[in-house]
Amino acid sequence: MNTRFDFVEGKNTAWCPGCGNMMLLAILKGALEELNLDPTRVVISSGIGQAAKMPQYLRINYFNGLHGRALPVATAIKAANPELTVIAEGGDGDMYGEGGNHFLHTIRRNPDIAHIVHNNMVYGLTKGQASPTSQRGFITPVQVYGVASEPFNPLTTAISVGATFVARAFVGNQGQARELIKAAIGHKGYALIDIFDPCVSFNKINTFNWYKENTYVIDASYDPSDKAAALKKGAEEAPYPLGIIYRQAEHKPTFEEQLAVYEKDPSPLHRRQRNSELLNKLMPSE
Amino acid sequence: MNTRFDFVEGKNTAWCPGCGNMMLLAILKGALEELNLDPTRVVISSGIGQAAKMPQYLRINYFNGLHGRALPVATAIKAANPELTVIAEGGDGDMYGEGGNHFLHTIRRNPDIAHIVHNNMVYGLTKGQASPTSQRGFITPVQVYGVASEPFNPLTTAISVGATFVARAFVGNQGQARELIKAAIGHKGYALIDIFDPCVSFNKINTFNWYKENTYVIDASYDPSDKAAALKKGAEEAPYPLGIIYRQAEHKPTFEEQLAVYEKDPSPLHRRQRNSELLNKLMPSE
Amino acid sequence: MLKDQVSIVLSGEAGQGLDTIESLIIILLKKSGFNAFLSREFMSRIRGGNNTSEIRVSSEKVHAFVDKIDILIMLSPQGADRLETRLTPATIIIGANVAVPAKYAEMGCRVIALDLEEKLAALGGSIYTNIIVTGMLTSLLACDDASAQELIRSRFKAKGEELVNKNLVALQQGVDIARELDIPIAIERDAKAAAKTALSGTEAIGIGAIAGGCNFIASYPMSPGTGVLAYLAKQSKEHGIIVEQAEDEIAAINMMLGAWYAGARAMVTTSGGGFALMTEGMSLAGCVESPAVIHLAQRPGPATGLPTRTEQGDLNLVLYAGQGDFPRVIYAPGKFDDAITLTQKAFDVADQFQIPVILLTDQYFLDSIGMTEQIDFSKSAIVNNFIETTADYQRYALTPSGVSPRGIPGYGKGLVCADSDEHSENGRITEDFAMRVAMVDKRMRKLDGYKDVEPELIGNKDYSTLLIGWGSTYGAICEALKLLNRDDIAFAFFQQVYPVPSSAVKMLEQAQKRIVIENNATGQFGKLLEMETLLKVHQKILKYNGMPFSVEELVERILGGLSS
Amino acid sequence: MLKDQVSIVLSGEAGQGLDTIESLIIILLKKSGFNAFLSREFMSRIRGGNNTSEIRVSSEKVHAFVDKIDILIMLSPQGADRLETRLTPATIIIGANVAVPAKYAEMGCRVIALDLEEKLAALGGSIYTNIIVTGMLTSLLACDDASAQELIRSRFKAKGEELVNKNLVALQQGVDIARELDIPIAIERDAKAAAKTALSGTEAIGIGAIAGGCNFIASYPMSPGTGVLAYLAKQSKEHGIIVEQAEDEIAAINMMLGAWYAGARAMVTTSGGGFALMTEGMSLAGCVESPAVIHLAQRPGPATGLPTRTEQGDLNLVLYAGQGDFPRVIYAPGKFDDAITLTQKAFDVADQFQIPVILLTDQYFLDSIGMTEQIDFSKSAIVNNFIETTADYQRYALTPSGVSPRGIPGYGKGLVCADSDEHSENGRITEDFAMRVAMVDKRMRKLDGYKDVEPELIGNKDYSTLLIGWGSTYGAICEALKLLNRDDIAFAFFQQVYPVPSSAVKMLEQAQKRIVIENNATGQFGKLLEMETLLKVHQKILKYNGMPFSVEELVERILGGLSS
Ligand SMILES: Cc1ncc(C[n+]2csc(CCOP(=O)(O)OP(=O)(O)O)c2C)c(N)n1
Ligand SMILES: Cc1ncc(C[n+]2csc(CCOP(=O)(O)OP(=O)(O)O)c2C)c(N)n1
Ligand code: SF4
Ligand code: SF4
Ligand SMILES: [Mg+2]
Ligand SMILES: [Mg+2]
């Protein structure tokens, strides 16, 4: 499918042949296209990692910043200009490891951004160390006797911290993944979508087939607005549920909606002028 | 009560008269005393803040490090010498704000440490800004129009991330608080105890009386080993439950238990010797 | 008779509300047409301990801390011995309902022990002590009674008529008490003083930021940098500023960069330890070529150090923070009007050259209050340097100046691709060796077009000895120079500490003896000058106990150095 | 006939397994008694792109990268044009089942296009190309056939008999192919080479750490620093090392400090961006007076920069990282045996003086493989500097040396109170001004007792021109110096870059012309020398495109500089 987000120069990606990111690139382009967005009005804030290279291969605005720091950047972009569609994107290491603190506090703020995390259960770019989502026993050049820590569950954590949209996708289920990304972008407020996305080079355990065999699509009868049920659903392991795990029924005020600067004037900061008269009053002579 | 942990020189604390930390000091001393611990074999790793000053007023070993960083320090101390009793202590800003990422990943590691967090819903030492646990609408010199973010719930978050002991105490309920601290220290593995602890100078909303009126002691019939129930219990607000919210029934291997270095030899690192013979083999001549 | 100037020290505990007295008396002094300067030192605690404030009133402009205490007003018995070395037999000590240690009388001081018990009981408690003392100061310093009453009224208005009246009574009691004490002070008024604004260093930075068009601040609280965050929060609605308390300093600097990227004018405020955590973010600003304004309020390190004290120990830190080479500018204002204009300029320079600009202040500077000339900001417009992009926009277009026109997303037809990896002109990752070199060279030449804020030379132009200072030591060195009254000595004051301004070499070369004066342990700026000029600094006058230099101390140490 | 030395370059894609060839051939060369040096450059990707490895074999010791390519073996058609400038008409180009661009033949190169299709099909796939090439190298370089077979056997043993045999066949095919090519190479063997160890810079740091008693490492992966973490992980059980991947670099450095506090000997490994996040932790080490060993593997910045390339751009960063003043030591080894001994020493110095010690390496250094003299570690015992505490133990006892005996918790009767706030001798918070000064002075004088690792002078003692280098440029500068063959030029090599060693001034003073050679954009070490010696550096030879200096390039640029 040709989309207005195709970046021709970047046809040749730095990803390995067969990498899940390639599928995700197509899925994301499709979602953006179907949402009918204007590339010049969308920004991707990404970190560093294979996942975080995503915007390099899109015709889109981006801020490709530091490993782990895409969320604060995205929050500020959306706050400074609420007219933009803002996506934060990166890997499991990027977002849950180095960036774990921002993960918690961005959820608490609830900016209107979509948060796309490529979860390959490994550090791809740095050649195969464990990530926070790596499973117990996973052997790597650093975890030579296997991972000993509890794998991080981004879904239940996000729900516990107050996220109002939490979903899980798998690049092998393209249609659903595209719809979930669309729903996440459409959601008013912070929306997490954790996407299973195999790394063919460094994760020989959690392969495409492994994900295929260890996931299932959530039944249509499931009510994602039931928080207690969502916490249970999100905690399920092998098979992992795919779909919207939690979506709060009521709207929760977003970060931008609560900013005093937009109370009377919705225009983004860059269209505003300093008020010299008010400023002069800060130096009263009496 | 006189205890072997009394630090005479430090009788005069830097805390405000009426500060909850004063009560907590007494409670902690009582708990340590009743556990019959040897002060030279206990270490407190603390951050920076009013809460984090705690070890200054105890006859105890301490590493009073950086704001937000007590947990990695504590983890390493326990790992390097599992014979020590290790406590990490600090405030809600210290542990859930600046130190939020360590909070998540320390739980995943499950070192055998007790984690004591003084929760006064405010930044005391820096004079009254909002903390992650400050309630919506709380007005401060920085949050001039009131806190707009969702308050952080350390209890459900810790459970979601895999903690096996999670408790909430209130300094106004001294007996229970002491018992909970004892239980946390006694627990094999990471144990969180979040303690309501009023700041008389900067939190005029969540006062001693407020906490008193907005908390209740969990009924003895409650089964803390039921995770789903614990997630519900931990999510309760005003009145907040006091007691053990969650305690996993089965033992979960601790960080130290899984370290290869202790497989055959339990002695702490400082009693070991470099093996020159093995070392020479790292430079083979053929 | 105290004629040219007087130094009054208030000594109390944290939580006693010295700041109430301070904030009232400083405005009162200004309204009454006096030059005044107030400096504060306090312990890292919220209640108790011993804090002091020094109020200097002078017929001439004054902007420095002195050791000498003419009048000591004790509001608490705590820590009086800390002040002992600053007392002389001429010192008058007033115990405001506090017993003054006997030894002070023995030292020859005039001791006045006021028993306020009855008065306070009648008024309704010891909190009225502050207003009684304010009344005493009003009278002692010959301030306007009417202005004082006016001030009390507006301060307590919100709390109701009864409280206003009680405080007016307390004020009058203080006035009456002081009148009977017969303490002769006769400072001349300065016609210009009344037209000035009384403000603190913190407020100066805050006003400068708003003047610079700041409309976004993200920060994590850390003394002594938090004040600027609170000031901007207070002004946020009126001036349209987004104020966010970040979860940590890393988030703060990344938010700032995101905000600039999206078209805001953003800053962070912090202290050394917080800035340390921003080190990687500094480098990010360097690579993505983002404007950035960073206020670093120094306090003594290393690590947590002395959280509420003062030092100039973080110059080296900001000079080189961030992996790799990239340009930056560092300002260190010495007086409050400069703090305003330099902060404003910081935004412009950051925006124009797309670089981080750092403002270095310290606890002493921020917590002092002084009189500042008014500024008419309508004369300095904000020029937003971003452009409307065209479809073929390239964020990192190679230009002769090294500066590429800065687009922002959503304004124009182009894409704005900011990249922390090495990139080509369009912002996409590259590993091309030639492009890498071109990008490094581009970034490094950006400052070629920057015009230095040259050092100020104070004193005789025919100097052979040159005192060198930067930042908050300005006032004390100026005053010491005046007292030294020698025409072989001058003072070179650097408010731009990096890059070392172009005229520095000449200024330094002329001197046979170069003396740096710094509030740190190693003479960091002296070292920088030596590196950049290869001219030796002959002597260092350093102080690092957490307190600022006093004027007297400087006079003594400069003289001591000259004779050695 | 290539007699003294030959430079063979392998060119392939990421994921093709060049490292298989590298690791086999380097051991084979060593076993066969050759001096060899292998250096690598690669793109930031896991598959595809173009990576190359240069294998130099020489009759004399060799430790540098050269531009010149005698034999180019292409394993992929990708990126061949990147190498064009390094080819001469004398270059032999072998396409290993890859079409060689026609223009190379036109340039006069001898082009050998090998069609391996059939062989590979028979063997079972293209993965055997690597072993065929290894066989070719075995023959070309006149290595021991038997040793080669032996190596193949042990390498593939675990994968079963069949695979061993197939690989042996592939090896032999390579040997046969090369024999027929008639490429005359006749490097002399070096009797000493066979007794050496072939190891990489990464392994050298790892071995040095274990030699220094390292039993704890916490780090977050970051190229090119991760290798040391992986090396210690591999050795962890045998050598009793706790290895933990931290959630971020901040956790890593705090874990390291916690580990030292509890009696471990700990380190971190990282790169510039990761170190940036450790800045506050550095200051913490300074204040709590903890030993700390930090390995910083440099790569080009700012920010993410060029993640897999090389640079020496983080010297300034480590020099001043951390708020406030406190002492530190920085080493930058230039060859692998020094890397081992300096890393070992880093632990001892850190422990003895209770300071952070930084090891500065870079991608080029770490990823290169060379031959190193064996070291007998039984001769250097570990001295743990902690003491058994008594009941009245004071962690920060003021001593003439500034170093206080270091206790650890749980060993002895005392309490060990480490404090990041300013503290008194027992480690409790203080705001006492005199104690503050005493503690700053104590910390700052600790290095008075430290003995510098003096710079090495290479070349004629009567030099008038002095080349100055540090870290990984060592080998290339040495070789360039030799080629220049002039007795007016010498080379001062600094492996201790900070503090600037005491003998530097003298060494620098003697020269009329001082030339720094640095793999960065601004000449950071040159600046440091100027600051510390006030002696001007006359010229800078800098490179910052992400590649190391080649020997030829240095010769040319040094000569160019001399004539200017
Ligand atoms: C501060 C910092 N630390 C470490 C790195 C090195 N680094 C780059 S990507 C990465 C992890 C990649 O894993 P993940 O985020 O899961 O992305 P993936 O490559 O698997 O898609 C790391 C550790 C860095 N760039 N910056
Ligand atoms: C890196 C860093 N950032 C900020 C600070 C300033 N700081 C000291 S304590 C504190 C917060 C105190 O709040 P909390 O942790 O809740 O402890 P409390 O004082 O309320 O007990 C802050 C922000 C610091 N010391 N270091
Ligand atoms: S290493 Fe893994 S994540 Fe990275 S590009 Fe290759 S397959 Fe994808
Ligand atoms: S400010 Fe609050 S937390 Fe701090 S000592 Fe005072 S009452 Fe306690
Ligand atoms: Mg990953
Ligand atoms: Mg708190």
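Nothing here was measured: the structure is a model prediction, and the numbers come from that model. Both backbone and side-chain heavy atoms feed into the values below; hydrogens, waters and symmetry mates do not. Letters go in sequence order (proteins before strands), and every chain restarts at 1.
Pairs engaging residues 252-265 of chain D under the salt bridge (Lys or Arg N to Asp or Glu O under 4.0 Å) rule: D:R265-D:D348, D:R265-D:D351 [sequence neighbours left out]. Residue pairs meeting the salt bridge (Lys or Arg N to Asp or Glu O under 4.0 Å) criterion with at least one partner in residues 246-258 of chain D, sequence neighbours excluded, are B:R109-D:E247.
Taking chain B as the reference chain and counting heavy-atom pairs below 4.5 Å, the highest number among D:V243, D:T372, D:L199, D:D376 is found for D:D376. Comparing D:A391, D:A195, D:G281 by how many heavy-atom pairs each has under 4.5 Å with chain B, the most go to D:A195. Top candidate by heavy-atom pairs under 4.5 Å with chain B, chosen from D:E238, D:R395, D:H423, is D:E238. Heavy-atom pairs under 4.5 Å with chain B were tallied for D:S380, D:S378, D:G414, D:P409; the largest tally goes to D:P409. Chain D forms the most heavy-atom pairs under 4.5 Å with one residue out of B:L58, B:N81, B:T106, B:D265, and that residue is B:L58. Per-residue heavy-atom pair counts under 4.5 Å with chain D were compared for B:N275, B:D38, B:V43, B:L66, and the maximum is reached by B:L66. Comparing D:A259, D:C287, D:A198 by heavy-atom pairs within less than 4.5 Å of chain B, the highest count is held by D:A259. Between chain D and the options B:L71, B:T75, B:I60, the largest number of non-hydrogen pairs under 4.5 Å is found for B:I60.
Classified by interplanar angle (parallel below 30°, tilted 30° to 60°, perpendicular above 60°), the ring pair D:Y261/B:F63 is perpendicular.
For residues 205-214 of chain D, a heavy-atom distance under 4.5 Å to chain B picks out D:I207, D:I210, D:A211, D:G213, given by residue number.
Of all heavy-atom pairs between B:A260 and D:K237, the closest is CB-CE, 4.0 Å. Taking each heavy atom of D:A381 and B:R274 in turn, the nearest pair found is CA-NH2, 4.3 Å. Scanning both residues, D:G258 and B:A76, for their nearest heavy atoms gives C-CB, 4.0 Å.
Atom OH of D:Y393 is separated from atom CG of B:N61 by 10.0 Å, given to the nearest 0.5 angstrom. Taking CD from B:Q273 and CG from D:N215, the interatomic distance works out to 10.5 Å, rounded to the nearest 0.5 Å. In this structure, CG in B:L279 is found 4.5 Å from CZ in D:F377, a value given to the nearest 0.5 Å. The line from CD1 of D:I408 to CD1 of B:I77 is 11.5 Å long, rounded to the nearest 0.5 Å. Atoms CH2 and NE2, on D:W260 and B:H270 in that order, are 14.0 Å from each other to the nearest 0.5 Å. From D:L415, atom CG reaches atom OG1 of B:T40 across 7.0 Å, with rounding to the nearest 0.5 Å.
Residue B:E277 does not touch chain D at all, counting heavy-atom pairs closer than 4.5 Å. Heavy atoms of D:E431 lying under 4.5 Å from chain B are absent altogether. For a residue to count as touching a neighbouring chain, one of its non-hydrogen atoms must lie under 4.5 Å from one of that chain's; by this rule D:V288 touches chain B with the side chain only. If you measure heavy-atom distances from D:E150 to chain B, you find no contacts under 4.5 Å at all. B:K78 does not touch chain D: none of its heavy atoms, backbone or side chain, sits under 4.5 Å away. Heavy atoms closer than 4.5 Å to chain D are found in the side chain of B:L84, but not in its backbone. Contact of B:P55 with chain D is made through the backbone alone, with heavy-atom distances under 4.5 Å. Proximity to chain B (any heavy atom under 4.5 Å) is shown, for D:Y411, by both the backbone and the side chain. Contacts of B:L104 with chain D are absent, with no heavy-atom separation under 4.5 Å from either backbone or side chain. Using a 4.5 Å cut-off between heavy atoms, D:K413 touches chain B through its backbone atoms (N, CA, C, O) alone.
Taking the centre and axis of the six-membered ring of B:F7, the NZ or CZ atom of D:R428 falls inside the cone set by 45° and 6.0 Å.
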CA sep, side-chain torsions, deciding dist, call: B:L282, D:H239, side-chain contact (heavy atoms from CB on, under 4.5 Å): CA-CA 11 Å; B:L282 295 177; D:H239 293 274; 3.7 Å; yes

Determine whether B:M283 and D:I340 satisfy the following criterion, side-chain contact (heavy atoms from CB on, under 4.5 Å), listing intermediate values before the conclusion. CA-CA 11 Å; B:M283 294 190 76; D:I340 296 173; 3.7 Å; yes

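At least one side-chain heavy atom of D:I242 sits under 4.5 Å from a side-chain heavy atom of B:L269. Side-chain contact between B:F255 and D:E244 is present, with heavy atoms from C-beta onward closer than 4.5 Å.
Looking only at distances, no side-chain donor or acceptor of B:N64 sits under 3.5 Å from a matching main-chain atom of D:S420.
In the displayed structure, B:K252 atom NZ is contacted under 6.0 Å by more than 12 heavy atoms of other residues, nucleotides or ligands.
Counted by atom type alone, D:D419 and B:Q56 present one or more donor-acceptor pairs between their side chains at under 3.5 Å.
With sequence neighbours left out, the salt bridge (Lys or Arg N to Asp or Glu O under 4.0 Å) criterion links B:R4 to B:E33.
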